[in-house]
Enquirer: 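First the structure, which I've put down as structure tokens, then a few questions once you've had a look.
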Amino acid sequence: MDVYNSIIVFRMIAEVMKMREEEKKRSSQGFKRFFKKRWVVPAIYIASAAIILTGVLWYQSSGNSADKFNYKTTENAKKKFNEPSLEVNQAMENFAMPLKNKEEAVIQKRFYDNSAKAADQEAALIQYKDTYVPNTGIDIAMKDGSEFEVLASLSGTVTKVEEDSLLGNFVVIQHDTGIVTQYQSVKDVKVAVGDQVDKGDVIASAGQSQMNEKAGVHVHFEIRKDGVAVNPNDYFDKPLSVLQQAKFEDETEKSNAPADEESAGESEKSPSEGSTEQKEDNSNS
């Protein structure tokens, strides 16, 4: 009986295996018959081409979108951070005396300060013929009276270079909007309008002026913000940013502003606007 049952089981297994073999043959033959149809291969080619074309168009569209929205991260970051860095560096520069060996120099005439003592104010007056005018800068000379090179006090752009026998030749350098330094009574000017100068560059040599003959060989140095002269001694060894943030009271600073053209026109020779000695002809007008 057991033998009989075993035979039946083996036959059943053989039948199942036979059925699977036949099923595989039928599916393989069906797959081959499918590819033998004329429309199958062209359809596959067309579908493949459509997929490839769609991918190309999508890639191009992505590139155009990047250009449209200016997705140039590295370049934009470079522009964004490089340009301001120059301004930051310049704002961190300290004002310096406009000469090399400041230990060998002397300030012959100090800035006229409205809040100073009467004696100090009197000492800061400049006399030209019969007129007296407050000094809107400082007059620097060497202790031995020798000539010396005049240096840029701060980096900037040369905005004015003029020759004037009465005032002495002068150079104006702009460091920021409304902030300039002026160098008067100079000669042998080394720069021209539009030149970019660095702090410490030689811009001229100390000279003389008819307006302040008593000073001898010297440089008259001024710092101005929005046309108002400020005391250079208050800003030496301090960064430009300090002056940028400074605010001045009109009552105390206006007297140091440049004289008006009408008053300047009454002098023997009309001085250039903004100079210290310009005020000397204006004080009696």
Side-chain angles (χ1 to χ4, degrees), residues 86-87 90-91 93 95-99 109 111-112 126 128 133-140 147-212 215 217-232 235-236 240 243-244 248 253-254 256-265 267-282:
L86 295 177
E87 297 179 4
Q90 186 171 335
E93 277 188 347
F95 284 98
M97 290 275 283
L99 72 165
K109 186 75 66 175
F111 179 84
Y112 185 92
I126 297 177
Y128 176 64
V133 65
N135 192 13
T136 55
I138 57 175
D139 297 331
I140 307 171
E147 293 185 3
F148 58 93
E149 293 180 329
V150 177
L151 313 181
S153 175
L154 205 67
S155 300
T157 304
V158 178
T159 58
K160 184 179 291 187
V161 176
E162 292 190 10
E163 296 182 359
D164 194 312
S165 59
L166 182 63
L167 302 175
N169 305 331
F170 66 92
V171 176
V172 178
I173 300 176
Q174 181 171 341
H175 310 286
D176 189 26
T177 302
I179 298 179
V180 300
T181 51
Q182 298 185 10
Y183 311 77
Q184 299 176 17
S185 303
V186 297
K187 64 178 184 178
D188 300 330
V189 177
K190 310 294 184 183
V191 295
V193 173
D195 286 353
Q196 299 288 330
V197 297
D198 293 328
K199 175 182 176 180
D201 284 353
V202 177
I203 61 173
S205 297
Q208 303 183 49
S209 68
Q210 295 180 17
M211 186 68 75
N212 191 9
V217 178
H218 72 289
V219 58
H220 174 81
F221 177 71
E222 294 187 11
I223 300 177
R224 288 180 175 267
K225 179 180 181 181
D226 298 327
V228 177
V230 299
N231 190 345
Y235 295 97
F236 286 141
L240 174 63
L243 182 56
Q244 288 172 327
F248 307 109
E253 297 294 341
K254 275 186 177 178
N256 290 329
D260 58 85
E261 294 181 1
E262 182 178 356
S263 298
S267 62
E268 292 183 359
K269 180 177 179 181
S270 178
S272 301
E273 183 178 359
S275 63
T276 296
E277 287 90 348
Q278 184 180 31
K279 301 177 190 289
E280 299 189 9
D281 289 327
N282 300 332

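The first residue in the sequence is number 1, and the count goes up from there.
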Enquirer: Taking the side chain as C-beta and beyond, is there a heavy-atom pair between Ile126 and Asp139 under 4.5 Å?
Expert: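 Sidechains of Asp139 and Ile126: in contact.
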Enquirer: Minimum heavy-atom separation for Val171 and Val158, please, with both atom names.
Expert: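 Nearest pair, atom of Val171 first, then Val158: CG1-CG1, 4.2 Å.
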Enquirer: Can you confirm whether or not the ring centre of Tyr183 sits under 6.0 Å from the ring centre of Phe170?
Expert: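 Here the rings of Phe170 and Tyr183 have centres that are no less than 6.0 Å from each other.
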Enquirer: Work out which heavy atom in Phe95 is nearest to a heavy atom in Leu243; give both atom names and the distance.
Expert: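 Heavy atoms of Phe95 and Leu243 come nearest at CZ-CD2, 4.0 Å.
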Enquirer: Counting C-beta onward and ignoring hydrogens, is there a side-chain heavy-atom pair between Leu99 and Val219 closer than 4.5 Å?
Expert: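 A side-chain contact under 4.5 Å is absent here.
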Enquirer: Looking only at atom types and distance, does a side-chain atom of His218 sit under 3.5 Å from a main-chain N or O of Ala206, one as donor and one as acceptor?
Expert: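 No, His218 side chain to Ala206 backbone: no donor-acceptor pair under 3.5 Å.
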Enquirer: State, to 0.1 Å, how close Thr181 and His175 come at their nearest heavy-atom pair, and which atoms those are.
Expert: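 It is OG1-NE2, 2.7 Å.
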Enquirer: For salt bridge (charged side-chain N to carboxylate O under 4.0 Å, His left out), just list the numbers for Lys190 and Glu149, CA-CA rounded to whole Å, side-chain angles, deciding distance to a tenth of an Å, and then say yes or no.
Expert: CA-CA 10 Å; Lys190 310 294 184 183; Glu149 293 180 329; over 6 Å; no
Enquirer: Between atom CD of Gln184 and atom CG of Asn212, what is the distance when rounded to the nearest 0.5 Å?
Expert: 10.5 Å
Enquirer: Are any non-hydrogen side-chain atoms of Ile203 and Ile173 less than 4.5 angstrom apart?
Expert: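 Yes, close enough: below the 4.5 Å cut-off.
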Enquirer: For a quick test of reading the model, state the closest non-hydrogen atom pair linking Met97 to Phe236 and the distance between them.
Expert: SD-CE1, 3.2 Å
Enquirer: Could you measure the distance from the CD1 atom of Ile223 to the CG atom of Asn231? Nearest 0.5 Å is fine.
Expert: 8.5 Å
Enquirer: Looking at Lys225 and Gln244, would you say the former's side chain and the latter's main chain have a donor-acceptor pair under 3.5 Å?
Expert: yes
Enquirer: With a 4.5 Å limit on heavy-atom distance, are the side chains of Tyr128 and Leu166 in contact?
Expert: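 SC-SC contact between Tyr128 and Leu166 confirmed.
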Enquirer: Within a strict 4.5 Å, meaning less than it, do heavy atoms of the Tyr112 and Thr136 side chains meet?
Expert: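 No; the side chains remain at least 4.5 Å from each other.
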Enquirer: What distance separates Leu154 CG from Asp198 CG, expressed to the nearest 0.5 Å?
Expert: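 Rounded to the nearest 0.5 Å, the CG-CG separation comes out at 10.0 Å.
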Enquirer: How long is the span from the NZ atom in Lys109 to the CD1 atom in Ile138, to the nearest 0.5 Å?
Expert: 13.5 Å
Enquirer: Determine whether Thr157 and Gln196 make a side-chain contact, defined as any pair of heavy atoms from C-beta on separated by less than 4.5 Å.
Expert: yes
Enquirer: Could you state the interatomic distance from CG (Asn169) to CG (Asp164), rounded to the nearest 0.5 Å?
Expert: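 Output value for this atom pair is 7.5 Å.
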Enquirer: Measuring from Gln208:CD to Ser185:OG, what's the distance to the nearest 0.5 Å?
Expert: 9.0 Å
Enquirer: Answer yes or no: is there a side-chain heavy-atom contact under 4.5 Å between Phe111 and Pro232?
Expert: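 They are in contact (side-chain heavy atoms under 4.5 Å apart), so the answer is yes.
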Enquirer: Any idea which heavy atoms bring Lys199 and Ser155 closest together, and the distance?
Expert: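 The pair with the smallest heavy-atom distance is N-OG, 3.0 Å.
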Enquirer: So, do Leu240 and Glu93 sit near enough that their side-chain heavy atoms are less than 4.5 Å apart?
Expert: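 Counting from C-beta outward, Leu240 and Glu93 never come under 4.5 Å.
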